[in-house]
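In what follows, a structure is listed as structure tokens, so that the remarks can point back to it.
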Amino acid sequence: GYVDGLAREKAAIVRALTGIVASAAPAAKGSIKWGQPVFEADGAFAHIKAFKNHVNFGFWRGVDLDDPKGLLTGEGEKMRHVKIASAEDIDETAFADFVRQAVALNTTMGDPTKG
């Protein structure tokens, strides 16, 4: 239902990101939490949030992700995100790598929402 309420371009972005997560982390579970899609494997590792002018693809342990292209932004203590304004902004290879790294971090460090 989350995608159904979005403008066409935003819905396409959310669908593409969800597909990347499903491909890179097939055992991950997706649900709607905090009003947005959240993906979990040993705890929450990624989320998607649509805004008026972009979609955020965020990671709970974003500061710990290797990001050679400098795609992740944010100033918080742990979380980082990528702002995506159009489907052309989606870097499938980099985003899939972020997902795999985030899942691996949860496997070794546990649920990031628990401490």
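Summarising the hydrophobic clusters (Ile, Leu, Val, Met, Phe, Trp, Tyr; side-chain heavy atoms under 4.5 Å, direct or chained), the residues clustered with F51 are none.
In this structure, F59 is a member of the same hydrophobic cluster as I84, with clusters built from ILVMFWY side-chain heavy atoms closer than 4.5 Å. There is no path of hydrophobic side-chain contacts, each under 4.5 Å, that joins M109 to W60. With hydrophobic clusters built from ILVMFWY side chains whose heavy atoms lie under 4.5 angstrom apart, V99 does not share a cluster with V63.
Under the side chain to side chain donor-acceptor pair (under 3.5 Å) criterion, N106 pairs with R61, sequence neighbours left out. When the ring-ring contact (aromatic ring centres under 6.0 Å, His included) test is applied to H81, no partner is found at least two apart in sequence or on another chain. Qualifying salt bridge (Lys or Arg N to Asp or Glu O under 4.0 Å) partners for D89, counting only residues two or more places apart in sequence or in other chains: none.
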For residues 6-23, run the donor-acceptor check on the side chains, cut-off 3.5 Å, and write out each pair with its distance to 0.1 Å, sequence neighbours left out.
from: E9; atom 1: OE2; to: A87; atom 2: N; distance (Å): 2.7
from: K10; atom 1: NZ; to: K52; atom 2: O; distance (Å): 3.2
from: T18; atom 1: OG1; to: V14; atom 2: O; distance (Å): 2.9

With a 3.5 Å cut-off and sequence neighbours excluded, list the donor-acceptor pairs that the side chains of residues 33-40 form with protein atoms.
from: K33; atom 1: NZ; to: E40; atom 2: OE1; distance (Å): 3.2
from: K33; atom 1: NZ; to: E40; atom 2: OE2; distance (Å): 3.0

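Between the side chain of Y2 and the backbone N or O of S31 there is no donor-acceptor pair closer than 3.5 Å. Remark: side-chain polar atoms of R100 are not paired, donor with acceptor, to backbone N or O of A24 under 3.5 angstrom.
In this structure, the side chains of V82 and L72 come closer than 4.5 Å at one or more pairs of heavy atoms. Considering only heavy atoms from C-beta on, L105 comes within 4.5 Å of L65 through its side chain. In this structure the side chain of I48 never reaches within 4.5 angstrom of the side chain of N56, judged on heavy atoms. Looking only at side-chain heavy atoms (C-beta outward), D91 and K69 come within less than 4.5 Å of each other. You'll find the side chain of D67 reaches within 4.5 Å of the side chain of F98, heavy atoms only.
Rounding to the nearest 0.5 angstrom, the gap separating the NZ atom in K49 from the NZ atom in K83 is 14.0 Å.
Across A44 and T113, no two heavy atoms sit closer than the pair CB-CG2, 4.0 Å.
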